[in-house]
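What follows is one structure encoded as structure tokens, with my remarks underneath.
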2 protein chains.
Amino acid sequence: MTAEKTVTGCAECAGLQTTEWGALAKSELEAIDKCRRVITREPGEILFSQGEKGNGVYCIKSGLIGLRRVDINGNSVLIRLVSAGFTVGYRTFLTGQAHINSAETLTSSTLCYVPRPMVEQLLKANPLLGERFLQHFYNDTIDTENDYVRSLTMGMKSRFLHLILVFYERFGYQDENGNAVVDLPVKKGEIAELVGVRPESISRLIDQLQNDEVLRIKDRRVEFTDVDRVLQQAGATV
Amino acid sequence: MTAEKTVTGCAECAGLQTTEWGALAKSELEAIDKCRRVITREPGEILFSQGEKGNGVYCIKSGLIGLRRVDINGNSVLIRLVSAGFTVGYRTFLTGQAHINSAETLTSSTLCYVPRPMVEQLLKANPLLGERFLQHFYNDTIDTENDYVRSLTMGMKSRFLHLILVFYERFGYQDENGNAVVDLPVKKGEIAELVGVRPESISRLIDQLQNDEVLRIKDRRVEFTDVDRVLQQAGATV
DNA sequence: CACACTCCTTGATCTATGTCATATTGGCAT
DNA sequence: ATGCCAATATGACATAGATCAAGGAGTGTG
């Protein structure tokens, strides 16, 4: 007998409670298990595109997904990042409208795809699920509003540092010397997109932050020399 | 017998269909009629504040309401405008969270206030109402996302012209000479807040737009000399 | 090993917008 | 009318970021 790859059920998934599926009963999770597809994607692949009628929901097991909006002039902006333990594409279930953003993998990712009919059936059977979707939507909206306010009131430095802090919250750890560090999960160019500036500007900003000894950055490794300092500068207007 | 002021019922209100109440039955509207309070507010008055536990829903009969967010540094931004035929304060009913924005009257306004227990009762009795709230929330979110993208990709000129076009859609008309005009419903300083720039910058921008003969602006009266030109410049990146 | 490619950096310069200080204008109260 | 106040405008200057052009640096491929 050859070894068989064990497929973890939704009930055992580490991300279960942070996703909407946390609201479901064991039997409902098993129903998902039967029809979901586990898929892996390399950086740069598209999950769905702006304008498409929604299909199912993607649940991120590992990796990082970016939601992108392209405007009339072809300007493309990364609006939001979604990491493990969260779903993508759920918005089309709230009002039935088509996707307004595109979703793409930013790093190699493993996702579970839950087909639309399954989601619809669960939504009908269990009102708690709809509440969770709504709560997710609400949280996302607040995040966007916060980003919007930041984009209007704060300069590049604050917005950049805020983003770094978000990364630190999600992916940060202590290195061998006990320093707080985080490895940036995306390219500098993508960071520029998220901050809403040009890559050159991020490059120069990083220089400046190193000179001011706020951060130490080498390739994708960010080391916090003084977390309070970062927090303070991230909040400051300039 | 003295003349008595006629109070219009919700069923006869011009804004009924654009508000969430459009989903309700006649008897439900009459229930609202019995408990709602008609209130008038002068410019600058506060309907509710950031952090407050939500009370009821305000339904705008006439006037203009601004939703404002104040960040940690005291930077205050007008996030959104709400005009007649729309409700304000509904978000606290979706997830039970406190208000995240403040609402203030920007012009003299007449509103109907529907107390929280009434709204809750209706939500329980009629699922269509909840759907309408959700749809409203969805639309607002999309608007915010659009504003966010604009703030990242477009300059002050485009954002200003976009705002003017929004005003034109809602309040525009033809003057005696057949010109397309709109009277700005808010102060220039508030326009600056909405665009996310300083009042001085708006002042100078208006000068420039007049010189370039894109618009004619005198006090609060905006006259479109060439609508296509405005549309084009509003979309353009710079 | 050389080539091509993508990502990032650097330098020089340009432009949009912010800042600050000082008018101007148009109500509105005395 | 007079004076006061809020809103807006103007001028001079400072700064943040964009733009354009060039140059590494790392990585995969023939």
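As a basis for the values below, the full set of heavy atoms in this structure was taken, side chains included, without hydrogen atoms, waters or symmetry mates. So you know, we letter chains A, B, ... as the sequences are listed, proteins then strands, and number each from 1.
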### Task
Check whether any side-chain heavy atom of B:Glu104 sits under 4.5 Å from a side-chain heavy atom of B:Glu45, and report yes or no.
no

### Task
Round to a whole Å and report the spacing from CZ of A:Arg159 to P of D:dG17.
7 Å

### Message
Can you measure A:Asn75 atom CG to D:dA18 atom C1' for me and round it to whole angstrom units?
### Response
13 Å

### Task
Take atom CD of B:Gln208 and atom C1' of C:dT17, then tell me their distance rounded to the nearest Å.
12 Å

### Separation of D:dA16 C1' from A:Lys157 NZ (nearest whole Å)
12 Å

#### Entry: Which residues share a side-chain hydrogen bond (donor to acceptor under 3.5 Å, both in side chains) with B:Arg216, sequence neighbours left out
B:Glu223

### Message
Between P on C:dT9 and CG on A:Leu209, what's the gap in Å once rounded to a whole number?
### Response
12 Å

### Task
Going by the side chain to side chain contact (heavy atoms under 4.5 Å, CB included) test, name the single residue among A:Thr19, A:Val88, A:Thr87 that passes it with A:Ile60.
A:Val88

### Query
What's the CD-C1' distance between A:Glu42 and D:dG28, to the nearest Å?
15 Å

### Message
Here's a test for you: under side chain to side chain contact (heavy atoms under 4.5 Å, CB included), which of B:Leu165, B:Leu194, B:Leu209 qualifies with B:Phe160?
### Response
B:Leu209

Pairs: protein N or O with nucleotides 5-10 of chain D N or O, under 3.5 Å:
residue, atom, partner, partner atom, Å
D:dA7, OP1, B:Lys187, NZ, 2.6
D:dT8, OP1, B:Lys188, N, 3.1
D:dT8, OP2, B:Gly189, N, 3.3
D:dA9, OP2, B:Ser203, OG, 2.6
D:dA9, O5', B:Ser203, OG, 3.1
D:dT10, OP2, B:Asp207, OD2, 3.0

### Task
Would you kindly give the CE-to-P distance between B:Met154 and D:dA18, to the nearest whole Å?
16 Å

### Message
On a heavy-atom basis, which atom in B:Ile164 and which in B:Phe224 lie closest, and how many Å separate them?
### Response
CG2-CZ, 3.6 Å

### Task
Provide, to the nearest angstrom, the distance between the CG atom belonging to A:Leu106 and the C1' atom belonging to C:dC7.
16 Å

### Heavy-atom check, side chain of B:Leu78 versus side chain of B:Glu190, under 4.5 Å
yes

